[in-house]
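What follows is one structure encoded as structure tokens, with my remarks underneath.
Treat the numbers as computed from the prediction; the structure is a model and nothing was measured. These values consider heavy atoms only, across backbone and side chains, with no hydrogens, waters or symmetry-generated copies.
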Amino acid sequence: MGGAARAAQLALRLSRRLWFLPACYAFVAVVFILLSPLLEPLMPKGLQALVDRDTLRDVFGMLASSMLAVAIFSLGTMVQAIQAAAGAATPRARSLMTADRTAQNAISTFIGASIFSLLGIIALSTGLYDDSSPVVLLTLTVLMIGLVITTLIAWIDKLSHIGGVAEAVNAVERVTANAFSTLGEDRFCGGRPAATVPTIGDRVTLGRFGHVTSIDIPALGELATTIGTELFLIVRPGAYLDPGRPVVIATGPLTDPARATITAAFVVANQREFDHDPRFGLVVLAEIASRALSPAVNDPGTAIDVVDTAVRVLAGWGDTVGRAIPAPEFPNLHVVDLDAQDLLADVFRPIARDGAGCLEVAVRLQKSLAALAALDEELFGPAARALRDDAFERAHDAMTSAVDLEELATAHAAPRAAGTEQPSLGDEKGRGR
């Protein structure tokens, strides 16, 4: 099971590399050229006289040169957009921009069309095809041109907003919401909640530095059932490890094969990843807001947008997660909970710190945290109220205007009732308040 999880994550990483999709399209282009003679019996005989080899060769030549130029231009545009996103938002958004499917499809389509045309020229010039083959090539060329036109339209639409801060925020929101959705209704992933972690027991360490990127929890649960020992999983994806930090504590002694199974269930990398680590997405959102609030940028509107985005993501997780803990599938496996206090602190505390002197940001924080507490008192209430008080103290110390302090105090003293709508930017007096 550990090997399967590791292989699945490796395949996912590979599919997101910038070169992967163009390589697949290039391979498909080669296959079409090589297999096109097999389609000759399907072509009407009367069409052979309508297709001239020289004309088809000229069409291929124009496509090969133009598509290569467009592919190079698109790749350069994408690289510039990635650099712009990294500079305007955060370097952590670079991987999300690189994995954008619209951009990858555009570059891949243009490269595949160029390779298809180039190989078509070679095939026609070497006499590889008989008289009916140009009909097949023309049919495939028409289909390819239709695909290029469709892709080009989507790419033009993408160029209108690629590389902006809003695009980075949206990308982080999507991947963070997906990470939360993978948890489903059972945030303990089939195990039991680890109410307390034993201080005495057989500890398993991985003996290396790095971040946990994924955990094969079913493998740990099956092992705990098989050996009849209580296992406590005390880390979640995103945790930073050192050689001495335990990841699992067993109440009984573990054999060497059991230790090997536990070790194989963890995937550790030098950097955090978004897929199974929703806290990382919240951290990246906070980084975008902090950069927007820096004196060099001074963009409180983006910080307010990040606050709204974080509330939306957390509220979505609150709607998904089960209120009652389901019956554990692996009763011998205890899993530490995903702490709401940590989640809220990851995203809201840096914004409260860096936006303490901005009234618009401070007021939006007060209202957003009150909204979360009203939305789900059990899940978010205590953490949201603690952060509201912390944000209020920071803003109160940073502001000097009596008018601003009065409005801040009003926002802090009036928690919103559940069921009222979250205000949008500019719907109240003052910007974004």
Side-chain angles (χ1 to χ4, degrees), residues 169 173 176 278-279 281-295 297-319 321 338-433:
V169 172
E173 178 183 4
T176 306
R279 290 187 62 182
L282 296 175
V283 168
V284 173
L285 284 175
E287 289 181 354
I288 296 174
S290 294
R291 178 162 296 192
L293 291 169
S294 65
V297 179
N298 191 23
D299 181 15
T302 293
I304 293 172
D305 184 36
V306 168
V307 172
D308 293 343
T309 300
V311 171
R312 192 162 52 245
V313 170
L314 290 168
W317 175 60
D319 291 338
V321 69
L338 192 62
D339 192 354
Q341 183 174 358
D342 292 336
L343 295 174
L344 269 62
D346 285 337
V347 63
F348 293 123
R349 183 174 292 164
I351 300 176
R353 177 195 64 212
D354 298 326
C358 181
L359 176 64
E360 293 85 354
V361 175
V363 170
R364 178 53 63 91
L365 272 174
Q366 292 297 317
K367 294 184 177 182
S368 297
L369 289 170
L372 282 175
L375 180 68
D376 193 323
E377 170 61 29
E378 180 182 356
L379 186 62
F380 297 121
R385 283 192 293 273
L387 275 173
R388 287 186 81 235
D389 294 339
D390 177 74
F392 173 76
E393 293 295 334
R394 292 174 185 270
H396 189 275
D397 292 342
M399 295 180 187
T400 56
S401 170
V403 176
D404 290 351
L405 289 172
E406 181 180 357
E407 186 168 349
L408 174 66
T410 301
H412 179 64
R416 292 173 50 249
T420 57
E421 293 184 358
Q422 178 72 10
S424 59
L425 287 178
D427 63 351
E428 301 178 27
K429 182 183 73 173
R431 181 182 180 186
R433 288 181 272 165

* To do: Kindly compute the distance separating CZ (Phe380) from CG (Leu387), expressed to the nearest 0.5 Å.
  => 12.0 Å
* Asked: Can you find a heavy atom in the side chain of Leu359 that is under 4.5 Å from one in the side chain of Ser401?
  -> no
* Thr302 versus Arg291: any side-chain heavy-atom pair under 4.5 Å? -> no
* **Pair Thr309-Arg312, side chain to side chain contact (heavy atoms under 4.5 Å, CB included): steps then yes or no** => CA-CA 5 Å; Thr309 300; Arg312 192 162 52 245; 3.3 Å; yes
* If you take all heavy atoms of Ala391 and Ala352, which pair is closest and at what distance? -> CB-CB, 3.7 Å
* **Reported CE-to-CG distance for the pair Met399 and Asp404, which is rounded to 0.5 angstrom** => 6.0 Å
* Exercise: identify the closest heavy-atom pair between Asp346 and Ala286 -> O-CB, 3.5 Å
* **Over 12 non-hydrogen atoms of neighbours within 6.0 angstrom of CD in Glu377** => yes
* Within a strict 4.5 Å, meaning less than it, do heavy atoms of the His412 and Asp389 side chains meet? -> yes
* Asked: Are any of the side-chain nitrogens in Arg394 or Asp390 under 4.0 Å away from the carboxylate oxygens of its partner?
  -> yes
* Measure the CH2-CG distance between Trp317 and Leu338 for me, rounded to the nearest 0.5 Å. => 5.0 Å
* At their closest point, which heavy atom of Val347 faces which heavy atom of Ala310, and how far apart are they? -> CG2-CB, 3.6 Å
* **Spacing of Leu344 atom CG and Arg349 atom CZ [to the nearest 0.5 Å]** => 10.0 Å
* To do: From the options Leu372, Leu365, Leu369, select the one residue that forms a side chain to side chain contact (heavy atoms under 4.5 Å, CB included) with Arg388.
  => Leu369
* Asked: How far apart are the closest heavy atoms of Ile304 and Arg364, and which atoms are they?
  -> CG2-NH1, 3.4 Å
* Structure fact -> Rounded to the nearest 0.5 Å, the CG atom of Leu293 sits from the CD1 atom of Ile288 at a distance of 12.0 Å
* Looking at Ser290 and Asp354, what are the two nearest heavy atoms and their distance? -> OG-OD2, 2.7 Å
* When rounded to the nearest 0.5 angstrom, what distance separates CG in Leu379 from CG in Leu314? -> 8.5 Å
* **Side chain proximity check, Asp308 to Ser368, heavy atoms < 4.5 angstrom** => yes
* Asked: If every non-hydrogen atom of Leu282 is compared with every non-hydrogen atom of Leu343, which pair is closest and at what distance?
  -> CD1-O, 3.6 Å
